[in-house]
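Everything below concerns the one structure shown next.
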Amino acid sequence: MIDLRSDTVTKPTPGMLDAMMNAEVGDDVFDSDPTVNFLQEKVAALFGMESALFCPSGTMTNQIAMRILTQPQDEVICDKHAHIFLYEGGGMMNNSMLSPKLVEGDRGRITASMVEASINPDDVHFPRTKLVGIENTMNKGGGSIYDLKELKAIREICKKNDLNLHLDGARLFNALVETGERPDQYGELFDTISICFSKGLGAPVGSVLVANKELIKHARRIRKVFGGGMRQAGYLAAACIYALDNHIDRLAEDHRKAKYLGEIAGGLSFVKNVYPVDTNIVILELVENRTETWLLETLEERNIQAVPFGKGLIRFVTHLDFTDDDLLKTEEVLSKIDS
Ligand SMILES: *Cc1c(COP(=O)(O)O)cnc(C)c1O
């Protein structure tokens, strides 16, 4: 089976498993797991931020960030397809009693002027606008990348209006590998940054929240409340350290394969449109007389898996376990499906 459903489907490489098996561990709820501490310090340093917190999932890091940057009844500005709104089970409403102010960006990328226009006046009728959530790369936008200049402009608007700024950077390293920008250029701009190790970086579990010391102290308390305090988590953190050291540069390969897949798809009779392929996500729009179910079933019969991504849309995600040989097989299968 060639699994292109997500970049979360990868299994640890032998080198990663080795690092996990040899990890030195302790009880992280007592703050005494040396491998977790090393990972947290390493990520904080990478982003030029003070502190970091290891968490079980990207959803949890986002949920913790929203909790520590807001008060109940506050409002969060984000794109209508943002993971923090669309894919976290309504968590912001439940965990932090927030309401979203949805805006529609260009393939999920919102602008400074959209943010500015969305801020509520200081009037008891309106929820207090307190947080802006950015997602880079943007999953629903097909792995689209923000322009750093726009992010700086958003930061300025936030400063002027006393808004906090969170980055859902589940796939931030995919963006950095494409643009050549550095993590610390993002550390400068955001109050909190969430990054995932279980996506393109290929670890089995783990996300890290990065921020200043005070916010991370608060985040640690909220992580416990959410049930995310883990004990000998160093075994997992070791995989993340290994991923930072070995799996960042190779994301460029995933992007190359995704671009190739996008080019092939563009020439298929049953494809109306392919979203621009900026990183490792390929979104196809099918012609009117073809359904997602039809393509997914046809592919499944030929041992390829993808996911539906809205009406008429199919998503493929390239990753560590998708080889060049798999790419050729996928090309062969796709080119033999007639409409
Ligand atoms: C995957 C993902 C997350 C977090 O997902 P988990 O499965 O909870 O780790 C958050 N944001 C984006 C954009 C994602 O793609």
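Start at 1 and go down the list; that is how both ligands and their atoms are numbered. Values below: every heavy atom of this structure, side chains too, minus hydrogens, waters and symmetry copies. Model, not experiment: these values are computed from the prediction.
In the vicinity of S57, heavy-atom distances shorter than 4.0 Å reach the ligand 1 atoms 8 (O), 9 (O). Of all atoms in ligand 1, listed by their number and element, those nearer than 4.0 Å to a heavy atom of E135 are 13 (C). Those atoms of ligand 1 that come under 4.0 Å of a heavy atom in N62, given as number and element, are 10 (C), 11 (N).
Partners of H166 under the ring-ring contact (aromatic ring centres under 6.0 Å, His included) rule, at least two apart in sequence or in another chain, do not exist in this structure.
Among protein heavy atoms, atom 2 (C) of ligand 1 sits closest to K199 NZ, 2.2 Å. Scanning the protein heavy atoms around atom 7 (O) of ligand 1, the nearest turns out to be T59 OG1, 4.5 Å. Nearest to atom 9 (O) of ligand 1 among the protein's heavy atoms is G58 N, 2.8 Å.
Each of L299, L334, D326 was checked for a side-chain contact (heavy atoms from CB on, under 4.5 Å) with I304, and the lone residue meeting it is L299.
A heavy-atom separation below 4.0 Å is found between R171 and ligand 1.
Taking a 6.0 Å sphere around CE of M97, one finds it holds 12 or fewer heavy atoms contributed by other residues, nucleotides or ligands.
Think of Y235 as one node in a network of Ile, Leu, Val, Met, Phe, Trp and Tyr side chains linked at under 4.5 Å; its network also takes in V25.
Checked against a 3.5 angstrom limit, the closest N/O atoms of D168 and ligand 1 fall inside it. Taking any N or O of T137, backbone or side chain, none lies under 3.5 Å from an N or O belonging to ligand 1. The shortest N or O to N or O distance between M60 and ligand 1 is not below 3.5 Å.
Looking only at side-chain heavy atoms (C-beta outward), L176 and R171 stay at 4.5 Å or farther from each other.
Hydrophobic clustering keeps L261 apart from L251 (ILVMFWY residues linked when any side-chain heavy atoms are closer than 4.5 Å, directly or through intermediates).
By the 6.0 Å and 45° rule, K140 stacks over the aromatic ring of F309.
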